[in-house]
K.L.:
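This is the structure I want to talk about, given as structure tokens.
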Amino acid sequence: MGAATVLALGAGAIGAIALLGEYTTGMIRTTFTAVPARRAVLAAKAVVIAGSTAAFGAVVAVASFGLTQGILSGRDSAVGFGDPAALRLLAATALLAPLSALVGMGMAAVFRNSALTIVATITLLFMLPSLLSGRQHLGATILHMMVLPAWQRLTFVDTEGTPWPWTTTGAWSVLATWAAVATGLVVLPWNRRDL
Amino acid sequence: MRRVHPRSYNQRGHGAAPGPYWWAMVVSSASRLYNSGWQPATRNCHPWTDLRDTPRRHDQHMIEVCELTKQYGKKRAVNNLSFTVHPGQVTGFLGPNGAGKTTTLRIILGLHRATSGQATIGGRAYRDLPRGLRHVGALIDAGDVHGGRTAEAHLRALARSNAIPRSRVNDVLDIVGLGQAAGRRIGGYSLGMRQRLGIATALLGDPPVLLFDEPLNGLDPEGVLWVRGLFQRLAAEGRTVLVSSHLMSEMELTATHLIVVGRGELLAAESVDEFAARGAGRRVTVRTPDNARLTSLLSAEGASVETAEGASVETAGASFTVTGLGADRIAEIAFAHRIMLYELAEHPATLEEAFMELTSGSVEYQAGGDR
């Protein structure tokens, strides 16, 4: 869980910086003068960042899974790559990186300011889920809409039983919604503002 | 009396809606955040052509600014500004600091949205072009670069985005004299070197239209000379060259046409010769033993009289300066009243003076007097 948080925050920062680097230096004006089609520029950036962080996330997920299984196989409790739960874990962890990067990028597109963007990204990805409690219905409902809890639902085996269970499909759709909204923030309305 | 354009919707002041209409406040702040205020229907400066449907009927490389208005909050940066910039000549875009030059250039390049009115290049809004460098080259701010990149990497990325061959990057770097520094990070460049890089960026796509915002800032004398020659060459090749500046002296040696703005409004749009004719021959130095009589006679004719600092107009023998009357007329008056003249010299007003006179009413950030 701690490692996933670090992965998410790191990828979020990378995504944010990919856009902030242009806004804070003024380079964005040169870029948009060279290519007036703003949506195309921002979509290309989103694709590149999502692609590279996805590759990074996949390497991290496979490497750490392989390593743990190597250790666990010596103790006779390995799972193996073929297990459906293991595949789900690998996929969810690999996708956590590009998703967080898109969230960071979306915040950068909205705020265009380093401090605000980083605070917003950390709040959305990390602060809110750790502040909320899953015991009450309301808290659980909000928690189930956050990125890291959804990732947790997809990767952890529920042993003790939670008062508010939810399906893996639900968790996948939460992640998909975050990705869609973040991409929308990067590409759709905000890019029409003055520079 | 300020003329208020009927289409300037922002004048109504949505935010000032009285009463408990909180939702109206929300809507108004949302629309302000969106920063477009309102996008009114496009108005045509040229009723005989439709800018939207038949862009080809326009001169391909003409910049047209049409009833342009830009409002930032309460501040109106550009007010109902209209002008055209033609190809084949260097056009100087002049005005005091804060006159709205940079705002206008940014709107032309689609970086800012106009509150009302429009700006087009070759009949099209720049923002509608998919790729820009082959159509328009621009230097808006030399600091608009990523300091961590080398000049070469910076230009290569821009060339790549516009499908410009790689070899062109080294060509333009050599043109602006940065060939030696191409592999160094831009962050370590001086202002003059950044200006040169900005000019290289503008030239990258070999565009027919070029915009430069204060390109001479920070350049060494050799660079200034070179840039002047470059602009004239570019114009001689039939390109449209628009160069903004707040210094008339820079422009009178470079430009053949001038657009002068002050407080966001158009003050003059004419050739340099016409502009120079505005103030020519208006200043005359006069020295006479009979100051008191001559000055009162000249004042009666509608001229204004100024003395050198510290001297009174009545001091006999002290020279004074007359504006508003030609030397011929002053001589006639003196002769008719049998006043002796020791000196009568006419000074053609410089462009600088004509510029100062024209913009004196619209200088926004005026320094206090001598302290």
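Here is the naming used below: chain letters follow the sequence lines, and residue numbers restart at 1 for every chain.
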K.L.:
Using heavy-atom distances under 4.5 Å, tell me whether B:Leu129 contacts chain A through its side chain, its backbone, both, or neither.
P.N.:
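Looking at B:Leu129, backbone and side chain both touch chain A.
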K.L.:
For B:Arg149, is it the side chain, the backbone, both, or neither that has a heavy atom closer than 4.5 Å to a heavy atom of chain A?
P.N.:
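The side chain, not the backbone.
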K.L.:
Over 60° means perpendicular and under 30° means parallel, so classify the ring planes of B:His112 and B:Tyr72, tilted if in between.
P.N.:
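Geometry flag for B:His112 against B:Tyr72: perpendicular rings.
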K.L.:
For B:Arg185, look at atom CZ and say whether over 12 heavy atoms of other residues, nucleotides or ligands are found less than 6.0 Å away.
P.N.:
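No, the 6.0 Å shell around CZ holds no more than 12 heavy atoms from other groups.
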K.L.:
Of the listed residues (B:Leu133, B:Val145, B:Leu158), which shares the most heavy-atom pairs with chain A below a 4.5 Å separation?
P.N.:
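Of the options given, most contacts go to B:Val145.
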K.L.:
With a 4.5 Å cut-off on heavy-atom pairs, point out which of A:Thr33, A:Ile28, A:Thr31, A:Val41 contacts chain B the most.
P.N.:
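Heavy-atom pair counts peak at A:Thr33.
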K.L.:
Which bit of B:His154 comes within less than 4.5 Å of chain A, counting heavy atoms only: side chain, backbone, both or neither?
P.N.:
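Contact with chain A: side chain only.
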K.L.:
Any side-chain to backbone donor/acceptor pair from A:Ser64 onto A:Ala61? Under 3.5 Å, distance only.
P.N.:
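Checked: pair present.
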K.L.:
Hydrogens and angles aside, do B:Asp213 and B:Thr102 bring a side-chain donor and acceptor to less than 3.5 Å of each other?
P.N.:
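Side chains of B:Asp213 and B:Thr102: pair found under 3.5 Å.
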K.L.:
Give a yes or no on whether a salt bridge exists between B:Arg194 and B:Asp141, defined as a side-chain N under 4.0 angstrom from a carboxylate O.
P.N.:
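Looking at B:Asp141 together with B:Arg194, the answer is no, because their closest N to O distance does not fall below 4.0 Å.
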